[in-house]
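Below is one structure, written out as structure tokens; the observations come after it.
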Amino acid sequence: MNVVEYGTENSHVIILLHGGGLSWWNHKEVAERLADRFHIVMPILNGHAGSNAPFHSIEDHAKEIISYVDKNFGGHILLIGGLSLGGQVLVEILSQRDDICKYAMIESALVMPMRLTAALIEPAYDMCYPLIKKRWFAKLQFKALHMKAELFEDYYADTAKISKEDMIAFLKANVGYCIKDTIVNCKAKTLVIVGGKERSVMKRSAKIIADALPTSRMEMIPNYYHGDLSINHSEEYVEKLLNLICT
């Protein structure tokens, strides 16, 4: 597993997991704002540009990150944050290891399986995958994601490097993931975040996660789209993170 790190090495470790189809730069500004106080680790999710392994499953990736924390940080860190696919990996991590972190921030994580959508992903990408490398098509996709304009070049370069097989694999995993019963054992104090302009299934998923976690709080941010907080509003993300740790 390849990672990008910010900040000095110390005992206060934060792991940030990016969204599907993105990469570590999802949290770049957040990491820059936190680098003077924490050791920030941003894994590149398997199957994405810059990773060293294909994507297999959310469950397997969670195990890999747990092993990484065990090997490098003695099995416990301060906080883990995750967006979308990264948020699902985080939910799975908390289900598999209840004491891996003291705090967690789960942003826009889907935990309600969408079986029809899953069935349509492979035939759809068989047809449209060649367009992924077209700049005009990437601009259309980028606009739909509501990310700030300065991230387009990173988005376009990295999306074009993802293989069709990996893209289908992580998209199917994303719409097929179901929260595990073992999440109720999680000891981390958790903030569950969803945007007010996200689809209803995302809002219902946020409530399911918050209800399942013993020490959690759900926050719906008005007028925010999917991933808006960590991608476009890093100062606010950091403020919420610090409030979570300090309260």
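Quick caveat, the model's predicted, so the values are computed rather than measured.
Between L229 and E236, the closest side-chain pair of non-hydrogen atoms falls below 4.5 Å. By the 4.5 Å heavy-atom criterion applied to side chains, Q88 and N174 are counted as neighbours. The shortest side-chain heavy-atom distance between I44 and H18 falls under the 4.5 Å cut-off. Looking only at side-chain heavy atoms (C-beta outward), E165 and P54 stay at 4.5 Å or farther from each other. Inter-residue side-chain proximity for L22 and D158 is flagged as unmet; no heavy-atom pair is nearer than 4.5 Å. Taking the side chain as every heavy atom from C-beta outward, M167 and T159 approach each other to under 4.5 Å. Looking at heavy atoms from C-beta onward, I77 lies in side-chain contact with C101 at the 4.5 angstrom threshold. In this structure, the side chains of H48 and L85 come closer than 4.5 Å at one or more pairs of heavy atoms.
Remark: Y225 engages H146 in a ring pair (Phe, Tyr, Trp, His ring centres under 6.0 Å) (not counting sequence neighbours). Every residue two or more places apart in sequence or in another chain was checked for a ring pair (Phe, Tyr, Trp, His ring centres under 6.0 Å) with Y6, and none qualifies. By the salt bridge (charged side-chain N to carboxylate O under 4.0 Å, His left out) test, R204 is found to be paired with no residue, residues two or more places apart in sequence or in another chain being considered. Residues passing the ring pair (Phe, Tyr, Trp, His ring centres under 6.0 Å) test with Y224 are H233, sequence neighbours excluded. Qualifying ring pair (Phe, Tyr, Trp, His ring centres under 6.0 Å) partners for F142, counting only residues two or more places apart in sequence or in other chains: F152, Y155.
Counting all heavy atoms, side chain and backbone alike, L94 lies closest to A104 at CD1-CB, 4.0 Å. Nearest heavy-atom pair across I179 and A212 is CD1-CB, 4.2 Å. What you find for F73 and V41 is that their closest heavy atoms are CZ-CG2, 4.0 Å. Closest non-hydrogen pair, L110 versus S205, comes out as CD1-OG, 3.5 Å. Minimum heavy-atom separation, S230 to E107: OG-OE1, 2.9 Å. Considering every non-hydrogen atom in both M42 and A31, the closest pair reads CE-CB, 3.7 Å.
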Check against salt bridge (charged side-chain N to carboxylate O under 4.0 Å, His left out), E29 and K148
CA-CA 12 Å; E29 288 190 3; K148 54 190 176 184; 2.8 Å; yes
D70 and R97: CA distance, side-chain angles, deciding distance, salt bridge (charged side-chain N to carboxylate O under 4.0 Å, His left out) verdict
CA-CA 11 Å; D70 286 344; R97 178 73 68 79; 2.8 Å; yes
Show your working on side-chain contact (heavy atoms from CB on, under 4.5 Å) between E64 and N46 and close with a plain yes or no.
CA-CA 10 Å; E64 187 175 0; N46 290 341; 2.8 Å; yes
Go through the steps to decide whether K133 and Y129 satisfy the test side-chain contact (heavy atoms from CB on, under 4.5 Å), and finish with yes or no.
CA-CA 8 Å; K133 301 181 188 299; Y129 180 76; 4.0 Å; yes
Trace of the salt bridge (charged side-chain N to carboxylate O under 4.0 Å, His left out) decision for K187 with D98
CA-CA 6 Å; K187 298 178 175 62; D98 58 19; 3.1 Å; yes
Going through the checks in order, is the side-chain contact (heavy atoms from CB on, under 4.5 Å) test met by W136 and L131?
CA-CA 9 Å; W136 65 266; L131 296 174; 3.9 Å; yes
Please walk me through it: do I93 and V69 pass side-chain contact (heavy atoms from CB on, under 4.5 Å)?
CA-CA 11 Å; I93 289 170; V69 173; over 6 Å; no
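The pair E92-K180 meets the salt-bridge criterion, with a side-chain N (NZ, NE, NH1 or NH2) lying under 4.0 Å from an Asp/Glu carboxylate O. Between K28 and E32 a salt bridge is recorded (basic side-chain N to carboxylate O distance below 4.0 Å). Taking the charged nitrogens against the carboxylate oxygens, R135 and E153 do have a contact shorter than 4.0 Å, which makes a salt bridge.
No more than 12 heavy atoms of other residues, nucleotides or ligands shown are found within 6.0 angstrom of CG on D181. Taking a 6.0 Å sphere around NZ of K134, one finds it holds 12 or fewer heavy atoms contributed by other residues, nucleotides or ligands. The 12-atom threshold is not exceeded at CD of E235, counting heavy atoms of other residues, nucleotides or ligands nearer than 6.0 Å.
Separation of atoms CG (L213) and CD1 (I183) is listed at 4.5 Å; rounding is to 0.5 Å. In this structure, CG in L83 is found 5.0 Å from CG in N26, a value given to the nearest 0.5 Å. To the nearest 0.5 Å, atom CG of residue N2 and atom OG of residue S23 are 9.5 Å apart. One distance of note links CG of L79 with CD1 of I40; it measures 8.5 Å at 0.5 Å rounding. A distance of 11.0 Å separates CD1 in I209 from CD1 in I193, rounded to the nearest 0.5 Å. One finds the OG1 atom of T8 at 10.5 Å from the CZ atom of F38 (value rounded to the nearest 0.5 Å).
If you chain together hydrophobic residues whose side chains sit under 4.5 Å apart, F170 and I106 fall into the same group. In terms of hydrophobic clustering, with Ile, Leu, Val, Met, Phe, Trp and Tyr side chains grouped at heavy-atom distances under 4.5 Å, I132 and L145 are assigned to different clusters. Residues L241 and V194 fall into different hydrophobic clusters, defined by Ile, Leu, Val, Met, Phe, Trp and Tyr side chains chained together at heavy-atom separations under 4.5 Å. A continuous path of hydrophobic side-chain contacts links V111 to M218 [ILVMFWY only; heavy atoms under 4.5 Å]. Hydrophobic clustering (side-chain heavy atoms under 4.5 Å, transitive across Ile, Leu, Val, Met, Phe, Trp, Tyr) groups L16 together with L78.
For residues 71-84, the pairs satisfying side-chain hydrogen bond (donor to acceptor under 3.5 Å, both in side chains) are S84-H226, with sequence neighbours left out.
Checked by atom type and distance alone, the side chain of S216 pairs as donor or acceptor with a backbone atom of A210 at under 3.5 Å. One N or O on the side chain of T182 and one on the backbone of S95 form a donor-acceptor pair closer than 3.5 Å. A donor-acceptor contact shorter than 3.5 Å is absent between the side chain of E198 and the backbone of M220.
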